[in-house]
Amino acid sequence: EVQLVESGGGLVQAGGSLRLSCAASGFTFDDYAIGWFRQAPGKEREGVSCISNSDGSTYYADSVKGRFTISSDNAKNTVYLQMNSLKPEDTAVYYCAVILQSISSWYPCSAPPLYDYWGQGTQVTVSS
């Protein structure tokens with residue numbers, strides 16, 4: 001059974017940092033990518049970043065470039081999202097998800113319907 005478990009969310013002041021973790025288990029596919037998404041109240045779920053397992057390629061939404069960094073620790077089957085210089089508009093529930101195919105551009109990385117499995121989400125709140 002595929003499982004994705006997010007952790008690391010919380011309350012932080014604007015300008016602060018958080019590191020989210022996504023612990024993955026239950027799948028042994030060769031080609032996949034892990035994506036981070038977020039959803040604020042009343043808004044659609046949007047892609048934040050993703051990392052390809054095949055070649056380590058990373059992709060970011062324009063709104064987080066230069067502030068967020070995605071990385072993976074294959075030994076721990078965990079993907080991280082380091083979030084720096086947080087802004088109030090980053091407030092949302094953050095989800096990680098896995099897409100069971102190789103990716104090579106931002107589009108599949110950022111398209112929620114293409115993802116196969118989702119975690120339960122972790123709340124990030126940035127106060128002004």
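No experiment lies behind these values; they were computed from the predicted model shown. Atoms considered below: every heavy atom in the structure, side chains included; atoms not considered: hydrogens, waters and symmetry mates.
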**Request:** Return the set of residues passing salt bridge (Lys or Arg N to Asp or Glu O under 4.0 Å) with Glu46 (not counting sequence neighbours), or none when no residue passes.
**Result:**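 Here the qualifying residues are Arg38.
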**Message:** Test of understanding: with salt bridge (Lys or Arg N to Asp or Glu O under 4.0 Å), list the residues that count as partners of Lys87, not counting sequence neighbours.
**Reply:**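 Scan of Lys87 (salt bridge (Lys or Arg N to Asp or Glu O under 4.0 Å), adjacent residues dropped) gives none.
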What are the two closest heavy atoms between [X] and [Y], and how far apart are they?
X	Y	result
Leu114	Pro108	CD1-CA, 3.7 Å
Ala97	Leu4	CA-CD1, 3.5 Å
Gly47	Ala61	O-CB, 3.5 Å
Leu86	Leu18	CD1-N, 3.8 Å
Ser52	Ser54	OG-OG, 3.0 Å
Gly56	Ile51	O-CG1, 4.0 Å

Nearest 0.5 Å, please: how far is [atom2] in [Y] from [atom1] in [X]?
X	Y	atom1	atom2	answer
Trp106	Asp62	CH2	CG	8.0 Å
Ile99	Asp31	CD1	CG	11.0 Å
Ser21	Lys76	OG	NZ	9.0 Å
Ser71	Leu81	OG	CG	8.5 Å

**Asked** Do the side-chain N and O atoms of Thr78 and Asp73 include a donor-acceptor pair separated by under 3.5 angstrom?
**Response**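 Result is no, nothing qualifies.
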**Asked** Cut-off 3.5 Å, side chains only: do Thr91 and Glu89 have a donor facing an acceptor?
**Response**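 Result is no, nothing qualifies.
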**Request:** Identify the residue among Arg67, Met83, Gln82 that makes a side chain to side chain contact (heavy atoms under 4.5 Å, CB included) with Ser17.
**Result:**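 Going through the options one by one, the only one that passes is Gln82.
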**Prompt:** Taking only residues two or more places apart in sequence, or in another chain, which ones meet Ser25 in a side-chain hydrogen bond (donor to acceptor under 3.5 Å, both in side chains)?
**Reply:**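 If we apply the side-chain hydrogen bond (donor to acceptor under 3.5 Å, both in side chains) test to Ser25, skipping adjacent residues, there are no hits.
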**Request:** Please name all residues satisfying side-chain hydrogen bond (donor to acceptor under 3.5 Å, both in side chains) with Tyr95, sequence neighbours left out, ordered by chain then number.
**Result:**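 Scan of Tyr95 (side-chain hydrogen bond (donor to acceptor under 3.5 Å, both in side chains), adjacent residues dropped) gives none.
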**Request:** Scan residues 15-62 for pairs that pass disulfide bond (SG atoms under 2.5 Å apart), counting only residues two or more places apart or in two chains.
**Result:**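 Matches after skipping sequence neighbours: Cys22-Cys96, Cys50-Cys109.
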**Prompt:** Between Tyr117 and Leu100, is a side-chain contact (heavy atoms from CB on, under 4.5 Å) present by the stated rule, with each step listed?
**Reply:** CA-CA 9 Å; Tyr117 298 93; Leu100 299 176; 3.8 Å; yes
**Message:** Closer than 3.5 angstrom, by distance alone: can the side chain of Thr122 be matched with the main-chain N or O of Gly9 as a donor-acceptor pair?
**Reply:**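 Yes; judged by distance alone, with no hydrogens or angles, the pair exists.
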**Asked** Taking the side chain from Glu44 and the backbone from Gln39, do they hold a donor-acceptor pair closer than 3.5 Å?
**Response**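 No, Glu44 side chain to Gln39 backbone: no donor-acceptor pair under 3.5 Å.
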**Pairs flagged by ring pair (Phe, Tyr, Trp, His ring centres under 6.0 Å) wherever residues 33-66 is involved - sequence neighbours left out** =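 Only Phe37-Tyr115, Phe37-Trp118 qualify under ring pair (Phe, Tyr, Trp, His ring centres under 6.0 Å).
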**Message:** One pair to check against side-chain contact (heavy atoms from CB on, under 4.5 Å): Ile34 and Asn53. What are the steps and the verdict?
**Reply:** CA-CA 8 Å; Ile34 299 289; Asn53 177 66; over 6 Å; no
**Asked** Ile103 and Tyr32: side-chain contact (heavy atoms from CB on, under 4.5 Å), yes or no, with the steps?
**Response** CA-CA 8 Å; Ile103 62 167; Tyr32 66 89; over 6 Å; no
**Request:** Give the C-alpha distance, both sets of side-chain angles, the deciding distance and a yes or no for side-chain contact (heavy atoms from CB on, under 4.5 Å) between Tyr94 and Val48.
**Result:** CA-CA 9 Å; Tyr94 283 69; Val48 175; 4.3 Å; yes
